[in-house]
J.: 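There's a structure below that I have some questions on.
These figures come from a predicted structure and were not determined experimentally. To find a chain, count down the sequence lines: A is the first, B the second, and so on, and within it residues start at 1.
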Amino acid sequence: MSTERYDPRAIEAKWQRLWAAERTWEVSNEPDERPKSYVLEMLPYPSGEPHIGHLKVYSVGDALAHFRRRSGMRVLHPMGYDAFGLPAENHAIATGQHPRASTEASIAQFREQFRSWGISIDWSREFATHEPEYYRWTQWIFLRLFERGLAYRKQAAVNWCPKDETVLANEQAKDGVCERCGTPVEIRQLEQWFFKITDYADRLLDDLATVDWPEHVVTMQRNWIGRSRGAEVSFRCEALGTDYRVFTTRPDTLFGATFFVMAPEHPDVLRLNDAPEVRDYVNSAARESNEERGDEGREKTGVALGQTVTNPVNGEQIPMFVADYVLMEYGTGAIMAVPAHDERDFEFARRFGLEIRRVVESGELPSTGDGPMVNSGRFDGLHNREAFAQIVEWLAGDGKGEQAVNYRLRDWLLSRQRYWGCPIPILHCDRCGLVPVPDDQLPVALPDVEDYAPKGRSPLAGAEEWVRTECPSCGGEARRETDTMDTFVDSSWYFLRYCDARNDRAPWDRATLGAWMPVDQYIGGVEHAILHLMYARFFTKALADLDLLDVQEPFANLFTQGMITRDGAKMSKSRGNVISPREVIEPYGADSARCYILYIAPPAQDADWSDEGVGGIHRFLSRLWRVAVEVAERSGGAAGAGGVGASRSPVMRKAHWAIAKVTTDLRERFAFNTAIAAVIELVNDIYREKESLYGSPEGEAELRFGVATAASLIFPFAPHLGSEVYELITGRRVWEEPWPDADPALLASTTVEVAVQVNGKLRDRIQMPASASQGEQERLARDSEKVLAHVNGAEIVKTVVVPGKLVNFVVR
RNA sequence: GCGGCGGUGGAGGAACGGCAGACUCGAUGCACUCAAAAUGCAUUGCCCGAAAGGGCGUGUGGGUUCGAAUCCCACCCGCCGCACCA
């Protein structure tokens, strides 16, 4: 046995140099006869250096990319950087260093590490979203959306983070705190830019059916869109002479509406009653955060307005209230209250002693169940589901209501009062209003400023010379928009740019794009299940409507990988339990790190990092390398792996078994852990059998075949070692070899072990020829002494035979 | 509260109607060594037993089945998402 040691550092450097020099992983946009496959990991945000989560996504994606290439596909596997964003800007505020400088330093780090991991990236398509060559097109797309009315400005109650001093999208202000820094958000009335994503609510919801995504992600998107079908109904208020429309999902319960409630923010509340009591209530509601208001166990509060509205179905005058359990943002900001069939209304009615009138026979109140109608005039006796449609129809005939659909989804607030983002390419002209920057003047370059600190307005407002410009429409004086775009805008179309990354006349060529899109396999963390994925889908649909591309959904398949934890906890600097990929790769090499991270658990699952575990995988790779060196020496070098007959020796059978196992694990599921385990088993068998195989030409050919197969199968996970060993044994480049096929004839053994049960309990295992018929199998099993002992003369009432596997005798 | 995912040896996990615990870590023993490391080999679910062998075992309780970790019902625990959305 050779005394040399497995030296990942040398091996990995060798192959990385070769792949870079030969640009091995570049793929041309010229189609050929191969089917295409677009494999993409979510765009990394470059900050410091890559962490262990990055190592995991790229280990998953790269394994897939390699497997698909060798399975005869044309694979696009690109890389880029999500370079704009708050962390770089906050760093700039703290240190004075330009965000561009720190960002580009991080990008250099990321690029360097990705290369050292040996990921098969087409580097010719690389870009970062802060480069003018990229954001020029971000602006161009913005203008197309603006022309379509899909980007617009409006005054709105928005989430404001007092710490970051910027507005946030609804999606970024979860539970009333800033998603980024955890500061409670304030609500401010500001004029802001929005994308009209709500126009796409139905399509974003319905098209989820066309996509192969994890069920929980689909569910999260569905909940986020929150479509509910019902009706809008008018309630007349004679005092003001106004009709109030309310949205309800239960028009069938209209006869049970015994009061009416408005949100405190509803503009008419004080017009209806401006008594001090009402004013106080409205003011105190405004002071409370949405979170406090939404608190679960909280008792219902409210104030009577002393006015009534008319219930349109029965003409009853019902009292009006203001209460903070009604939200201004949802529906119309006013509701009809049906205490018998809505838990919240029920609670409120109890508290204020209001009438609770059952209109559906459906069990104990409050009840949302179905049943026959009661107390509902001519609808009595009808099932409530039928009454639903009939009541809406009846109201529609009178002009007092109609079918309606409501969504939880809000328009996407995209403007940010921050520096480090893509400038919004719009001018403000006193005479012409909002004027788009002409296409030929793009990009609107982000100017340098002195002071990055936000002061409630964008730092760009301080760049006076940049702000002042000429209106392209009237030639008069105009001012540039000083807000920048949310970075989610940048990442909503980057996957399109990869298809034609060097195009300087258009964001992409439509036919070129059409040849790659959609992304066949998208890979990333669940944390983007709502925001990024929803925005990217919206952009894709809007761009399709603009006749710029031909797909409706950007990501045909989605895989969400689990987190890597340590000691059961999320890695974080504050916990001090962070392990960086570099720390692992230095002692063990990238191949060990990549294999370990895939081996530790199924990749969709969270997995706990163990330092000893990496050592185990490293040992396995060393074993493969050592046996390869030994086999190469003792069997006469790289003479080729030919000459292996249809031998059914254990090594041959194991090799073919491993081929079959790894292939299905990679093709049909993301079972990298069991795929790697199969290769480990193959190598273990080679160690067990090798001494008996040396010495005969056939035995040595089998050993070479076994080792070459192990190298070939481990290559998607450990590309450097796979290449090295394969070259050592065969003299060829493994990535140029087609993915191996398992020979079914070699998979089958001549004998099988059959489990024998009596009453479902295992009693014996017997060897028999694989060719044994069911009858022979049963006979052989029945003759087993152990079986006889357990049958013990009793009557066999039934025999179950599973060919080649099992016999079960049922005795009484 | 609603929805989703999960609960298997000392640890990560495998099997997903047919031999529970593949593979790895850890542990123990042996070989090599002056010694250690490295490496190789063996053992390693629990209980009874000297052994042969037997019993018990996949969160709990029921059910379906010749046969259940796997399917069904109820419950317990953990994690994630949503949550006064009319």
J.: Determine the contact category for Arg669(A): base if any of its heavy atoms lies under 4.0 Å from a base atom, sugar-phosphate if only primed atoms, P, OP1 or OP2 are that close, otherwise nothing.
T.: sugar-phosphate

J.: Return the nucleotide paired to G9(B): Watson-Crick means purine N1 to pyrimidine N3 with N6-O4 or O6-N4, wobble means G-U with N1-O2 and O6-N3, both under 3.5 Å.
T.: none

J.: Counting only Watson-Crick or G-U wobble pairs whose two distances fall under 3.5 Å, which nucleotide matches C56(B)?
T.: G45(B)

J.: Considering only NZ, NE, NH1 and NH2 on the basic side and carboxylate oxygens on the acidic side, decide whether Arg351(A) and Glu299(A) come within less than 4.0 Å.
T.: yes

J.: What's Ser610(A) touching, base or sugar-phosphate or nothing? Going by heavy atoms closer than 4.0 Å.
T.: nothing

J.: Quick one, Val233(A) and Pro312(A) - any side-chain contact, counting heavy atoms below 4.5 Å?
T.: yes

J.: Is A15(B) paired to anything, Watson-Crick or G-U wobble with both distances less than 3.5 Å, and if yes, which nucleotide?
T.: none

J.: What is the minimum heavy-atom distance between Phe717(A) and Ile676(A), and which atoms define it?
T.: CD1-CG1, 3.8 Å

J.: Could you state the CD-P distance from Glu668(A) to C16(B), rounded to the nearest angstrom?
T.: 13 Å

J.: Assess Lys690(A) against Tyr694(A): is NZ or CZ under 6.0 Å from the centre of the six-membered ring, and within 45 degrees of the ring's axis?
T.: no

J.: Step through it carefully: locate the ring centre of Tyr588(A), locate the ring centre of Tyr596(A), and say whether they are under 6.0 Å apart.
T.: no

J.: Any idea which of C41(B), A86(B), G53(B) is nearest the Ile335(A) side chain?
T.: A86(B)

J.: When the P atoms of C30(B) and G7(B) are considered, how many whole Å apart are they?
T.: 39 Å

J.: In whole Å, measure the gap between the C1' atoms of C84(B) and A74(B) for me.
T.: 30 Å

J.: Do you know which two heavy atoms are closest between Met768(A) and Gln777(A), and how far apart they sit?
T.: SD-CG, 3.1 Å

J.: Less than 4.0 angstrom between a side-chain N/O of Arg619(A) and OP1 or OP2 of C25(B), yes or no?
T.: yes

J.: Of the options G53(B), C25(B), A86(B), whose atoms approach the side-chain atoms of Glu612(A) most closely?
T.: C25(B)

J.: State which of G26(B), C84(B), C23(B) makes the closest approach to the side chain of Asn684(A).
T.: C23(B)

J.: Expressed in angstrom and rounded to an integer, what is the separation of Arg626(A) atom CZ from U39(B) atom P?
T.: 7 Å

J.: Contact class for Arg763(A) (heavy atom, under 4.0 Å): base, sugar-phosphate, or nothing?
T.: sugar-phosphate

J.: Starting at NZ of Lys786(A) and ending at P of A52(B), how long is that distance when rounded to a whole Å?
T.: 11 Å

J.: With the threshold set at under 4.0 Å for non-hydrogen atoms, list the residues of residues 671-681 of chain A touching RNA chain B in residue-number order.
T.: Asn673(A), Thr674(A), Ala677(A), Ile680(A), Glu681(A)

J.: Considering only heavy atoms from C-beta outward, does the side chain of Asn759(A) approach that of Val810(A) to under 4.5 Å?
T.: yes

J.: Rounded to the nearest Å, what distance is computed from the CD atom of residue Glu343(A) to the P atom of nucleotide C84(B)?
T.: 13 Å

J.: If I pick the P atom on A42(B) and the same atom on C25(B), what distance separates them, to the nearest angstrom?
T.: 14 Å

J.: Looking at the side chain of Tyr599(A), which of C82(B), A86(B), U24(B) is the nearest nucleotide?
T.: U24(B)

J.: For the residue pair Val758(A) and Val787(A), what are the closest heavy atoms and their distance?
T.: CG2-CG1, 4.1 Å

J.: Does NZ or CZ of Arg537(A) lie under 6.0 Å from the centre of the six-membered ring of Trp213(A), at an angle within 45° of the ring axis?
T.: yes

J.: Can you tell me how far C1' in A52(B) sits from the matching atom in G13(B), rounded to whole Å?
T.: 34 Å

J.: Between Asp252(A) and Arg250(A), is the closest basic N to carboxylate O distance under 4.0 Å?
T.: yes

J.: Looking only at side-chain atoms of Leu762(A), point me to the closest of C41(B), A20(B), G13(B).
T.: A20(B)

J.: Tell me whether the side-chain N or O atoms of Lys300(A) pair up with the base of C84(B) as donor and acceptor below 3.5 Å, since no angle test is needed here.
T.: yes

J.: Measure all distances between protein nitrogen or oxygen atoms and nitrogen or oxygen atoms of nucleotides 65-72 of chain B, and list the pairs falling under 3.5 Å.
T.:
residue : atom : partner   : partner atom : Å
C66(B)  : O2'  : Asn808(A) : ND2          : 3.4
C66(B)  : O2   : Asn808(A) : ND2          : 2.6

J.: Under the 6.0 Å and 45° cation-pi test, does Lys300(A) pair with Phe348(A)?
T.: no

J.: Return the value, rounded to whole Å, for the distance between atom NE2 of His266(A) and atom C1' of A86(B).
T.: 14 Å

J.: When you measure from the side chain of Arg408(A), which nucleotide among U39(B), G3(B), A83(B) comes out closest?
T.: A83(B)

J.: Pick the nucleotide of RNA chain B nearest each of Lys761(A) and Pro602(A); which residue has the one closer to the 5' end?
T.: Pro602(A)

J.: Can you measure Phe620(A) atom CZ to A22(B) atom C1' for me and round it to whole angstrom units?
T.: 14 Å

J.: Mind listing the closest non-hydrogen atom pair of Ile617(A) and Cys595(A) along with its distance?
T.: CG2-CB, 3.6 Å

J.: When you compare A38(B) with G49(B), how far apart are their P atoms, in angstrom units rounded to a whole number?
T.: 38 Å

J.: Is a salt bridge present between Arg594(A) and Asp591(A), judged by a nitrogen-to-oxygen distance below 4.0 Å?
T.: no

J.: What contact category does Gly616(A) fall into here, base, sugar-phosphate, or nothing, at under 4.0 angstrom with non-hydrogen atoms?
T.: sugar-phosphate

J.: Distance check, P atoms only: A86(B) and U8(B), in whole angstrom units.
T.: 38 Å

J.: Output yes when at least one side-chain N/O atom of Lys690(A) is less than 4.0 Å from OP1 or OP2 of G40(B), else no.
T.: no

J.: Starting at CD of Glu215(A) and ending at C1' of G81(B), how long is that distance when rounded to a whole Å?
T.: 13 Å

J.: Which value, in whole Å, describes the distance between the P atoms of nucleotides A14(B) and G59(B)?
T.: 15 Å

J.: Which one is paired to U65(B), where only Watson-Crick or G-U wobble pairs with both distances under 3.5 angstrom count?
T.: none

J.: So which nucleotide does A22(B) pair with, by the Watson-Crick or G-U wobble rule with both distances under 3.5 Å?
T.: none

J.: Would you indicate which nucleotide in G55(B), G13(B), A86(B) comes nearest to any side-chain atom of Gln605(A)?
T.: G13(B)

J.: With a non-hydrogen cut-off below 4.0 angstrom, is Glu347(A) in contact with a base, only sugar-phosphate, or nothing?
T.: nothing

J.: Hunt down the Watson-Crick or G-U wobble partner of G40(B), both distances under 3.5 Å, from any strand shown, or write none.
T.: C30(B)

J.: G57(B): syn or anti, with syn meaning chi within 90° of zero?
T.: anti

J.: Of the candidate nucleotides A15(B), C82(B), U24(B), which contains the atom at the shortest distance from the side chain of Lys661(A)?
T.: A15(B)

J.: Using a heavy-atom cut-off of 4.0 Å across all strands, would you classify Ser622(A) as base, sugar-phosphate, or nothing?
T.: nothing

J.: I want to know whether Tyr6(A) and His618(A) have ring centres closer than 6.0 Å.
T.: yes

J.: Let me know the distance between CE of Met220(A) and P of C5(B), rounded to the nearest Å.
T.: 14 Å

J.: Between A15(B) and C23(B), how far apart are the two C1' atoms, rounded to whole Å?
T.: 12 Å

J.: Taking only the side-chain nitrogens and oxygens of Tyr330(A), find out if one of them lies under 4.0 Å from OP1 or OP2 of A86(B).
T.: yes

J.: Give none if C2(B) has no partner; otherwise give the nucleotide forming a Watson-Crick or G-U wobble pair with it, both distances under 3.5 Å.
T.: G81(B)

J.: Check every strand shown and say whether His618(A) touches a base, only sugar-phosphate, or nothing at a heavy-atom separation below 4.0 Å.
T.: nothing

